[in-house]
Amino acid sequence: MTVTELLMADPHPGGEADPAGEVIALQDATVEGPRGTVFGPVTAESAAPITVVTGVRGSGRTSLLLALSGRMRLTGGEASTLGERSPAAIRRSSGIAGFAEIDALEPAVTVGATLRERLSWAMPWYRRTPRVGPELCRELLEPAFGAECEAPDPGTLVRDLAPAQEFLLRIALALIDGPEILFVDDFDALRDPADRRTAALRLDAIAAAGIPVVLATSDPGDAALFADVTRIAL
């Protein structure tokens, strides 16, 4: 059974993204916390396949991505993602990866077990989650890994993955849910420039397949790694 067949009968069908339309828009968007302003006010928009949000650590770039992905509420201003303003609707149609407190991986678990757990969340309730053997593992990883990065075997422990492999595994897990837009935090956590180039090629391919990508990094130069990009500086 293919991944498509396994995930049929999505219980939360989302709207269709318009590939030529606005991806994100912010108008005086602000989040205030107990200790003051987290970010904002920010006014910006992007219709590009790739949007790169840049800012030093502590600038609120992670919180901005969480707000745009429907996982944090603004305290002021407005934000829309793929034309939608409802956080609940945006959350259902968006995928996230690279967020330290949200999708961090368990080092002592195998790649196959990690994929199977995510599959169990995404599959219809009446289907049994299959064991993730080599063939299904390749199919689940291919959208994120492509030909640019060697995909791991299902028996590989997460702690034994190379940095680029771990990063792309988190992308692969997010893609299992069939998101209409993908948010990626801490792109600059990939220290090796070669790893960043590999990851950028894969994110470009994902965006070219119709899933816009919004990512955060502390390095403004990372925007140059992508083919068609809008940069938003905090």
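These figures come from a predicted structure and were not determined experimentally. When reading the values below, keep in mind they use all heavy atoms of this one structure, side chains included, and skip hydrogens, waters and symmetry mates. Just so you know, residue 1 is the first one in the sequence shown, and it goes up from there.
- Residue Glu150 places its CD atom among 12 or fewer non-hydrogen atoms of other residues, nucleotides or ligands, all under 6.0 Å distant.
- Between Phe187 and Phe167, the ring planes lie perpendicular to each other; the angle is over 60°, past the 30° to 60° tilted range.
- Under the side-chain contact (heavy atoms from CB on, under 4.5 Å) rule, Thr129 has a single partner from Glu117, Arg118, Met123, which is Met123.
- Between Arg61 and Asp186 there is a salt bridge, since a side-chain N of the basic residue sits under 4.0 Å from a carboxylate O of the acidic one.
- No side-chain heavy atom of Thr114 sits less than 4.5 Å from a side-chain heavy atom of Glu106.
- For the residue pair Val214 and Leu65, the shortest heavy atom distance occurs at O-CD2, 3.9 Å.
- When side chains are defined from C-beta on, Ile50 counts as touching Asp204, because their heavy atoms get closer than 4.5 Å.
- Contact of the Ile96 side chain with the Asp185 side chain is not registered, since no non-hydrogen atoms from C-beta on lie closer than 4.5 Å.
- Inter-residue side-chain proximity for Leu66 and Val31 is flagged as unmet; no heavy-atom pair is nearer than 4.5 Å.
- Listed here is the closest heavy atom pair of Thr230 and Ser46: CB-OG, 3.3 Å.
- Considering only heavy atoms from C-beta on, Val53 stays 4.5 Å or farther from Leu68 through its side chain.
- Side-chain contact check for Leu215 versus Asp222: every heavy-atom pair is 4.5 Å or farther apart.
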